[in-house]
Amino acid sequence: MQKLDPNKWIDKYSDYLFKYTLARVSNYELSKDIVQDTFFSALKSAKNFEGKASERTWLVSILKRKIIDHYRKINSKKGKAEVRMNFYNEGDNDGDWLEERVPQTWDNMAEKQLENKELQNQINSCIDKLPEKYAMVFKMRTIQEIDTEVICNELEITSSNLWVIIHRARTQLRRCLEDNWFNK
Amino acid sequence: MFKKLNITCKQAVAICDKSQYKEATFFEKIQLNIHFLCCKICTKYSKQNVFLTKLCRNKSNDDKKKQISLCMTPSEKEFLKKEIEKRYVKE
C-alpha cells in the first residue's frame, strides 16, 4: 500500500500539475490558484486515499475536478450555455444558404499559411471576440479536445445544443477572418 | 433509400462540423460526399472548415510549446510548501 507524502508534493508534482492546468485554462494566475486549491483539497481528503492509484494519478484526478468546477462556475455566472435549436428540419423551404452568409473565396488558403504568425494572432483576437459562452464551448471542444459527452454533462447542455454553439462560433470566426484577413 | 441520401445544405453543414471532431457517422459522411457532388458552396465551406480547425489546433500546439517554459516561481512554491506543511501537521 502506498502512502501519501504531502511534504514532497510541491517538489515532485507542482510543475506537472501547473502545466497541465495552464494548457487547459490558459491563464497564469488562475492556474496557480487552481493548483493550490488542488493541493489543499488533497490534504483534506488524504484520509480517503486508498493507495490503489499512484499519488500523482490521484492528484491529477482531483485537479481535473477543479478545472471542471472552474468551467462550471463561469457557465453558471454567465447564464447557462443554452441556445434555441433551429438547425434541422424546420420546414420545406429551410436548408439552403440564403439566410446564412455564403462562404466567400479565401485566397491564399495554403498549408504554409497555417504557420503564419500574423494569422495566428488574428485567429486569437477573433476567438476573443466571440460571445463568452460560445468561446468557452468552442475552446473546450476544439483546443482542449475535451469529449462532447463530458462537456455536455458538465455544462448541462444537450449535444444538439453543443453543435449549434460550435456551428455559430465557427460561423462568426469565418466572418471575422473574412473581414480581417482574407478580404482585407 | 435515395431520399435519405438527399440532404439539405444545412444538414450538410451540420455533418461537416461534426466531422471536424471525428463524430460524424459513416452514413453521414456518405451523405455529405454525395451532397458535395451537386453543391459547390458546401464543398467550399467544408474546405474552409478544415482550414479553420487546423488553424485552431496549430494555435493550441503553439500555446503548449510556449508554456513549457512557464512555471510557478520558486518563492511561490516555497510559500505553498509551508502552507501544506502547516495544514498537514494540523490534520
Side-chain angles (χ1 to χ4, degrees), chain A residues 4 6-7 9-11 14-15 18-19 22-23 26 28 31-32 35-36 39-40 42-44 46-47 87-90 94-97 100 102-106 109 111 113-115 117 119-120 122-124 127 138-139 141-145 147-148 159 163-164 166-167 170-171 173-174 177, chain B residues 6-18 20-24 39-74 76-91:
Chain A
L4 292 178
N7 294 331
W9 280 356
I10 300 294
D11 294 330
S14 67
D15 287 343
F18 182 74
K19 274 171 201 156
L22 195 56
S26 35
Y28 185 78
S31 302
K32 275 194 299 195
V35 170
Q36 181 170 343
F39 282 130
F40 292 165
L43 274 181
K44 264 190 209 148
K47 287 181 226 104
F87 220 58
Y88 267 139
N89 306 332
E90 269 202 350
D94 206 34
D96 51 23
W97 282 98
E100 215 173 291
V102 171
Q104 306 185 357
T105 305
W106 292 3
M109 199 179 71
E111 288 292 310
Q113 278 279 21
L114 287 170
E115 302 295 330
K117 277 280 164 288
L119 181 56
Q120 298 254 330
Q122 187 58 56
I123 190 89
N124 275 348
I127 291 180
F138 182 76
K139 278 195 211 156
R141 189 68 190 92
T142 314
I143 297 175
Q144 287 133 35
E145 298 180 46
D147 286 338
T148 306
S159 69
W163 290 112
V164 174
I166 297 244
H167 177 69
R170 279 178 179 269
T171 308
L173 285 180
R174 297 160 45 78
L177 279 184
Chain B
N6 215 345
I7 56 174
T8 63
C9 289
K10 265 201 177 165
Q11 290 169 311
V13 163
I15 297 172
C16 178
D17 286 339
K18 272 191 194 173
Q20 291 308 306
Y21 304 95
K22 301 197 168 64
E23 291 193 35
C39 179
K40 289 297 149 235
I41 302 178
C42 287
T43 315
K44 198 193 237 176
Y45 176 86
S46 166
K47 274 186 193 148
Q48 295 178 355
N49 224 8
V50 173
F51 183 79
L52 192 62
T53 309
K54 278 189 192 156
L55 195 60
C56 293
R57 295 254 156 87
N58 246 20
K59 170 184 137 46
S60 79
N61 288 340
D62 215 51
D63 287 352
K64 276 174 198 154
K65 258 182 235 153
K66 256 186 246 157
Q67 282 161 2
I68 286 178
S69 54
L70 278 175
C71 281
M72 289 194 273
T73 63
E76 282 163 356
K77 282 187 191 171
E78 208 46 48
F79 168 78
L80 204 51
K81 232 180 193 173
K82 280 189 187 129
E83 199 66 21
I84 287 181
E85 258 167 57
K86 241 195 283 170
R87 292 184 188 212
Y88 187 49
V89 172
K90 252 193 266 166
E91 285 290 318

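We use all heavy atoms of the structure for the numbers below, so side chains are in, but hydrogens, waters and symmetry mates are not. Naming convention: chains lettered A, B, ... in sequence-line order (proteins, then strands); numbering from 1 in each chain.
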- Approximate separation, where rounding is to 0.5 Å, of Ile10(A) CD1 and Lys82(B) NZ: 12.0 Å

- Student check: side-chain heavy atoms of Thr53(B) and Arg170(A) closer than 4.5 Å: yes

- Task: Please look at Glu78(B) and chain A and tell me whether the side chain, the backbone, both or neither of the residue comes under 4.5 angstrom of a heavy atom of that chain.
- Result: neither

- Item | Listed partners of Asp15(A) passing salt bridge (Lys or Arg N to Asp or Glu O under 4.0 Å), at least two apart | Lys77(B)

- Note on the structure: Here the gap from Arg141(A) atom CZ to Gln20(B) atom CD, rounded to the nearest 0.5 Å, amounts to 11.0 Å

- Message: Could you report the tightest heavy-atom contact between Trp163(A) and Asp17(B), atom names first, then the distance?
- Response: CZ3-O, 3.9 Å

- Between Asn58(B) and Gln120(A), the two heavy atoms sitting closest are CB-NE2, 3.6 Å

- Between atom CG of Leu173(A) and atom SG of Cys56(B), what is the distance when rounded to the nearest 0.5 Å? 6.0 Å

- Message: If the condition is ring-ring contact (aromatic ring centres under 6.0 Å, His included), which residues does Phe40(A) pass it with, not counting sequence neighbours?
- Response: none

- Message: Can you tell me how far apart OG1 (Thr171(A)) and OH (Tyr45(B)) are? Round to the nearest 0.5 Å.
- Response: 5.0 Å

- Roughly how far, to the nearest 0.5 Å, is the CG atom of Leu177(A) from the CG atom of Leu52(B)? 6.5 Å

